[in-house]
Amino acid sequence: MSVADGRVVSARDDLARFNEAGLLEAPDIHTAQLIARTAGERNPMALLGAALAMRALRAGSVCLPIRQVHRLAQFFVRDADAQAGIAPELDALPWPGADEWLDALAGSPLVGDEHAPANEHPLRLVDEALYLERHWQDQESITRILLGRCGPFPGVDGQVLEQSLAWGSGRSDRRDEAQRRAVRTAIGARTTVICGGPGTGKTTTISRVVAAARDQAEASGTPLRIALAAPTGKAAARLSESLEEHAREFGGRAPAATTLHRLLGVRPDRAPRFGPGHRLPFDMVIVDEMSMVSLELMARLLEALGPDTRLVMVGDPDQLTPVDAGAVLADITAAGLPGPEPGLPGVVVLDHGYRFTSGISDIARAIRDGDPDRTLELLAGTDRVEFHDQDAAELDLEATLSLRTALVDQALATTRAAREGRAEAATEALGAHRLLCAHRTGPYGVTTWGAAAERLQRAAAGQLGSGAWYDGRPLLATRNLPELGISNGDTGVVITTDRGRRAAMSNHRTYPAYVLEDVETMYAMTVHKSQGSQFDNVTLVLPSPDSPLLTRSLLYTAVTRARTGVRIIGPAASVRVAVTTEAQRASGLTARLSRAPGWRGR
Ligand SMILES: Nc1ncnc2c1ncn2[C@@H]1O[C@H](COP(=O)(O)OP(=O)(O)OP(=O)(O)O)[C@@H](O)[C@H]1O
């Protein structure tokens with residue numbers, strides 16, 4: 001068996017065709033062949049199912065729904081093809097008929113059914129979808145635990161809760177009502193989801209939930225046992241920082257947020273420290289940025305929670321999904337979590353934007369609604385929004401005055417602050433504008449656009465030397481450096497201080513060059529990397545309409561990174577494709593929850 005140019009030489013017949021088309025890659029085929037050999041399975045349809053289930057997982061799907069495999073397979077793209085904007089040609093491939101394929105899978109020794117004992121088969125076919133056993137078990141675990149966690153949390157002091165909810169009275173604002181409902185549910189229910197776009201008051205609401213939980217603890221004479229967590233170090237740091245800002249308003253300090261991995265004590269090659277046999281010792285666990293939590297992490301989190309711990313999940317289900325398989329926030333939201341009492345659902349939606357200029361939130365809404373005409377109409381006629389309806393690869397940066405000006409102004413402001421050693425001013429100037437690309441490489445990618453922006457900005461700011469540590473150099477951390485308090489995705493600027501050249505990072509600390517190994521120069525970044533950050537102005541480079549990376553959540557995430565201004569470069573056809581393409585992440589979670597007796601109608 002050998003691999004040449006990503007082609008698996010031993011892949012026979014159908015598998016070879018799917019491999020050549022770029023749909024299946026070496027790990028998918030090798031794993032499928034290995035498990036088939038172990039079980040003595042030779043049916044090519046079973047092998048193809050197994051290999052595609054592996055592939056689906058790498059594309060973020062928890063299972064392979066056999067009747068929708070064609071739709072899902074649009075997203076099974078080799079990374080190099082995706083970056084080059086090449087979509088797979090699905091029609092030319094020898095797809096088995098769905099009925100025949102399902103029969104072959106049901107009869108295969110590789111595949112168990114819904115009632116098969118755990119771990120007896122490597123795969124499982126349930127509701128016409130093929131799962132890898134481990135992911136089926138995670139999905140079942142989530143379903144079972146969530147079902148047991150619906151409804152009211154016992155022992156809530158209703159009178160104290162009413163007092164906690166009495167903020168803003170006198171200048172009461174109807175828009176606060178959703179936030180009040182969120183706090184009421186978070187305190188009164190075992191499980192709550194609070195969702196909303198950027199600036200809808202999610203963090204404000206978290207701090208109010210913490211204050212209300214503290215009121216409950218004080219009333220019962222017990223200490224407050226609360227944990228705050230997020231899926232990434234950067235998101236955890238950002239949450240801690242925002243809560244600190246709110247602390248004055250609500251009295252007392254919120255506990256520092258940590259990563260979910262750290263909270264659970266996730267260890268390589270061993271079960272996490274906290275799990276079914278050793279539960280987390282909290283009355284409440286609040287998880288922010290839930291849209292980035294995978295199926296597997298969600299299963300581990302729920303398994304570590306006892307019935308006496310409330311869970312509050314906060315996030316924006318319309319944002320890009322996690323790197324690993326699953327889209328649990330969107331799935332649970334779609335299933336409609338039951339709340340603590342009739343008329344009070346477990347999912348609370350915050351839909352008033354407090355931070356955006358209304359133009360950007362209108363565009364975000366049109367994208368979220370999947371309305372390409374309205375999106376294009378708003379892009380053309382909204383203040384502080386620019387739409388360059390053209391192929392971005394043909395754009396002349398020098399001749400595009402508004403973008404050129406934005407880049408030059410940013411370089412001058414960043415460099416001036418850097419030379420004067422003003423760390424905060426330098427990082428602020430860096431955040432005044434961000435160039436975002438959907439692709440990493442190629443004519444629409446970060447490498448091309450970052451290089452063009454670098455040439456322009458360095459020339460404008462007079463940074464012509466060849467050394468890496470020049471004033472104003474924008475930085476991006478590419479790894480978590482917990483000992484330095486730096487998270488993967490943190491940005492910064494090289495500045496001159498009386499202690500020499502240092503990196504002023506977005507965590508408000510400065511570091512000497514020699515301690516920072518895993519940082520890159522950042523003149524542009526991918527939309528994925530930008531998730532969880534906001535900038536005053538954003539320029540988004542869209543690829544051509546045939547790019548398999550163009551999806552609604554990508555465009556929504558990019559546009560909602562901007563606080564005040566958005567510029568989009570790309571043809572209208574690409575906007576249309578993005579708005580109308582929902583990224584497909586197959587999962588059975590919504591269906592299993594919705595179907596469970598007692599889920600709805602509680
Ligand atoms: N009820 C309210 N009345 C007035 N201002 C509010 C209210 N809720 C939030 N804000 C303000 O709106 C801004 C955004 O709030 P917040 O940071 O809580 O939103 P968010 O949803 O967490 O945003 P992001 O997703 O970007 O983190 C803040 O300046 C906050 O003070």
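Whatever order the structure lists ligands and atoms in, that order sets their numbers, starting from 1. Note: hydrogens, waters and symmetry copies are ignored here, and every other heavy atom, side chains too, is used.
Less than 4.0 angstrom separates some heavy atom of D176 from each of these atoms of ligand 1: 1 (N), 2 (C), 3 (N). Counting atoms of ligand 1 from 1 in the listed order, those under 4.0 Å from a heavy atom of G199 are 14 (C), 19 (O), 20 (P), 21 (O), 23 (O), 24 (P), 25 (O), 26 (O). Close contacts of ligand 1 with Q534, meaning ligand atoms under 4.0 Å from a residue heavy atom, involve 26 (O).
Residue T204 touches ligand 1 through backbone and side chain together, judged by heavy-atom distances below 4.0 Å.
Between L542 and Y444, the closest heavy-atom pair is O-CD2, 3.7 Å.
A salt bridge does not link D288 to R238: none of the charged side-chain nitrogens sits closer than 4.0 Å to a carboxylate oxygen.
Contact annotation: the side chain of S530 never approaches that of R434 to less than 4.5 Å [non-hydrogen atoms, C-beta and beyond]. In this structure, Q179 and R208 have side chains that are in contact, with non-hydrogen atoms separated by less than 4.5 Å. You'll find the side chain of R149 reaches within 4.5 Å of the side chain of L302, heavy atoms only.
Under a 4.0 Å heavy-atom criterion, H352 is not in contact with ligand 1. By the 4.0 Å heavy-atom criterion, G197 is counted among the residues contacting ligand 1. Taking a 4.0 Å cut-off on heavy atoms, S242 fails to register as neighbouring ligand 1.
Taking the ring centre of F153 as origin, the terminal cationic atom of R310 falls inside the region bounded by 6.0 Å and 45° from the ring axis.
Remark: ligand 1 and T205 share no N or O pair separated by less than 3.5 Å (distance only, no angle test). Considering both main-chain and side-chain atoms, P198 never comes within under 3.5 Å of ligand 1 through any nitrogen or oxygen pair.
Inspection of the S141 and E303 side chains reveals an N or O donor paired with an N or O acceptor under 3.5 Å.
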